[in-house]
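Side-chain atoms are counted along with the backbone in the values below, which use heavy atoms only and exclude waters and symmetry mates.
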Amino acid sequence: RLPFDLEPHERGRTPDELWAHAISDIKALLDRVGPRAWDDIRAQFDSFSLYDFLKHKKFSRGAIEYYAVMNFVEADMNNAVMEILRQDLEGSYVDMQTIDGGMDRLPNAFYEALQPEIRFGAEVRAIDQTDGDVTVHYKTEAGRFSVRADYCVCALPFPCLRTIELGRPFSNAKMRAIRQLNYHASTKILFQVRNRFWEQEDGSVGGATVTDLPIRRMNYPGACADTTRGVLLASYTWG
């Protein structure tokens with residue numbers, strides 16, 4: 001029913017089936033040789049974008065559009081296919097977990113255990129390290145301060161890390177990655193309702209709907225017997 005201009009041999013197949021067929025030889029090589037096969041795979045496809053790879057695998061233009069829309073990767077077609085292959089064939093998304101009661105229970109649990117050590121409203125301005133320790137310089141409304149420790153776990157997104165002064169720079173390779181890594185913009189719009197009408201009207205419990213509309217993708221909450229209320233992820237876009 002979808003209006004993609006597919007070739008006869010592509011019709012009646014899901015995008016996942018088309019993709020599985022396209023990478024079947026690569027998967028067979030990995031199954032046969034193991035992780036050492038990645039050297040050969042990289043040698044063959046390291047210069048390929050996802051679009052180049054699909055063309056190489058004889059996808060028609062309609063099939064490329066079909067795959068891109070249904071897999072939510074239209075903004076990623078110029079990304080390196082090696083990234084996609086590693087995610088797929090190494091099982092990056094097969095064991096994702098959620099936390100009952102909300103994902104904010106994780107940082108709240110850290111806060112409960114570390115409360116005396118946490119500084120709210122502290123903006124890191126510089127990081128200085130020597131062979132034996134590291135000093136973090138930060139600013140609050142009360143002024144400028146610093147704290148010294150044996151180690152510093154720096155988990156900032158790179159666009160933020162680019163603005164922080166480093167007394168001793170990281171290695172050249174790390175500095176290049178910090179400068180050059182590209183991030184997609186991502187937007188989520190949530191829709192709160194008193195009754196989860198999509199469950200009654202459409203039978204949609206959990207999972208997602210992919211569209212070619214500006215909203216792009218909707219995600220449904222899992223089943224909940226405690227309340228009729230719900231929050232629909234009504235629009236999820238990136239790139």
Discussion item. Please determine whether side-chain contact (heavy atoms from CB on, under 4.5 Å) holds for the pair Leu213 and Met218, giving the CA-CA distance in whole Å, both sets of side-chain angles, and the decisive distance to 0.1 Å.
Written reply: CA-CA 11 Å; Leu213 302 171; Met218 292 182 290; over 6 Å; no
Worksheet item: If you count the non-hydrogen atoms of other residues, nucleotides and ligands that lie under 6.0 Å from CD in Gln192, is the total more than 12?
Response: no
Discussion item. With a 3.5 Å distance limit and no angle check, can you tell me whether Tyr138 reaches the backbone of Val147 through a side-chain donor-acceptor pair?
Written reply: no
Discussion item. For Arg162 versus Ile178, what's the shortest heavy-atom pair and its separation?
Written reply: NE-O, 2.6 Å
Worksheet item: Can Tyr220 be reached from Met70 by stepping across I, L, V, M, F, W or Y side chains whose heavy atoms are under 4.5 Å apart?
Response: no
Worksheet item: With a 4.5 Å heavy-atom cut-off, do Ile189 and Phe191 have their side chains touching?
Response: no
Fill in: Under-4.0 Å salt bridge between Lys58 and Glu7
no
Worksheet entry | Minimum-distance pair of heavy atoms, taken over all atoms of Asn219 and Ala208 | ND2-CB, 3.7 Å
Discussion item. Can you confirm whether more than 12 heavy atoms, excluding those of Asp133, are under 6.0 Å from its CG atom?
Written reply: yes
Discussion item. Check the orientation of His56 and Phe48. Use parallel for under 30°, tilted for 30 to 60°, and perpendicular for over 60°.
Written reply: perpendicular
Worksheet item: Does the side chain of Asp5 come within less than 4.5 Å of Arg61's, by heavy atoms?
Response: no
Discussion item. Are more than 12 heavy atoms, taken from residues, nucleotides or ligands other than Arg194, located less than 6.0 Å from that residue's CZ atom?
Written reply: no
Fill in: Minimum heavy-atom distance between Ser235 and Ile215, given as atom pair plus value
OG-O, 3.2 Å
Worksheet item: Is the shortest heavy-atom distance from the side chain of Trp38 to the side chain of Arg86 under 4.5 Å?
Response: yes
Discussion item. Can you confirm whether Asp88 sits close enough to Lys27 that some side-chain heavy atom of one is under 4.5 Å from a side-chain heavy atom of the other?
Written reply: no
Discussion item. Within a 6.0 Å radius of atom CD on Glu165, are there more than 12 heavy atoms belonging to other residues, nucleotides or ligands?
Written reply: no
Discussion item. Can you give me the closest heavy-atom contact between Asn71 and Pro15, atom names plus distance?
Written reply: ND2-CB, 3.6 Å
Fill in: N/O donor-acceptor pair under 3.5 Å between Arg119 side chain and Glu117 backbone
yes
Practice prompt. Report the relative orientation of the aromatic rings in Phe72 and Trp238; use parallel for angles under 30°, tilted for 30 to 60°, perpendicular for over 60°.
Written response: tilted
Worksheet item: Are more than 12 heavy atoms from other residues, nucleotides or ligands located less than 6.0 Å from atom CG of Asn172?
Response: no
Discussion item. Tell me whether the rings of Tyr66 and Phe4 are parallel (<30°), tilted (30 to 60°) or perpendicular (>60°).
Written reply: tilted
Worksheet item: Is it the case that more than 12 heavy atoms not belonging to Arg36 sit under 6.0 Å from its CZ atom?
Response: no
Worksheet item: Do Tyr183 and Ile164 belong to the same hydrophobic cluster, where Ile, Leu, Val, Met, Phe, Trp and Tyr are linked whenever their side-chain heavy atoms lie under 4.5 Å apart, directly or via other members?
Response: yes
Worksheet entry | Common cluster, Val124/Phe158, ILVMFWY with side-chain heavy-atom separation under 4.5 Å | yes
Worksheet item: Any side-chain heavy-atom pair from Ser60 and Glu10 closer than 4.5 angstrom?
Response: yes
Worksheet item: Is the gap between the ring centers of Phe53 and Trp19 under 6.0 Å?
Response: yes
Discussion item. Can a donor-acceptor pair be found, under 3.5 Å and without considering hydrogens, that links the side chain of Arg105 to the backbone of Asp100?
Written reply: yes
Discussion item. Set out, in order, the CA-CA distance, both residues' side-chain angles and the distance that settles side-chain contact (heavy atoms from CB on, under 4.5 Å) for Asp52 and Val81, then state yes or no.
Written reply: CA-CA 8 Å; Asp52 295 333; Val81 75; over 6 Å; no
Worksheet entry | Val205 reachable from Leu232 in the ILVMFWY side-chain graph, under 4.5 Å edges | no
Worksheet item: Are Phe120 and Leu114 in one and the same hydrophobic cluster, where Ile, Leu, Val, Met, Phe, Trp and Tyr link if side-chain heavy atoms are under 4.5 Å apart?
Response: yes
Worksheet item: Does some side-chain heavy atom of Arg168 sit less than 4.5 Å from a side-chain heavy atom of Asp131?
Response: yes
Worksheet entry | Which atom of Ala63 lies closest to which atom of Leu18, heavy atoms considered | CB-CD1, 4.5 Å
Worksheet entry | Intermediate values then yes/no, side-chain contact (heavy atoms from CB on, under 4.5 Å), Thr228 and Asn195 | CA-CA 5 Å; Thr228 62; Asn195 293 288; 3.5 Å; yes
Worksheet item: Where is the tightest heavy-atom contact between Lys139 and Arg125, given as atom of each residue plus distance?
Response: CD-NH2, 3.3 Å
Item to complete: For Arg196 and Arg229, indicate whether the former's side chain and the latter's backbone hold a donor-acceptor pair under 3.5 Å.
Response: yes
Worksheet item: Would a 4.5 Å heavy-atom cut-off, applied to side chains only, mark Leu166 and Met175 as touching?
Response: yes
Discussion item. Quick check against the 3.5 Å criterion: does Ser49 have a side-chain atom that pairs as donor or acceptor with the backbone of Asn78?
Written reply: no
Practice prompt. Take atom CZ of Phe110 as the centre, draw a 6.0 Å sphere, and report whether it contains more than 12 heavy atoms from other residues, nucleotides or ligands.
Written response: no
Fill in: side-chain contact (heavy atoms from CB on, under 4.5 Å) evaluation trace for Leu30 with Ile41
CA-CA 9 Å; Leu30 281 166; Ile41 298 168; 3.9 Å; yes
Worksheet item: Less than 4.0 Å between a side-chain N and a carboxylate O, is that true for Asp39 and Arg42?
Response: yes
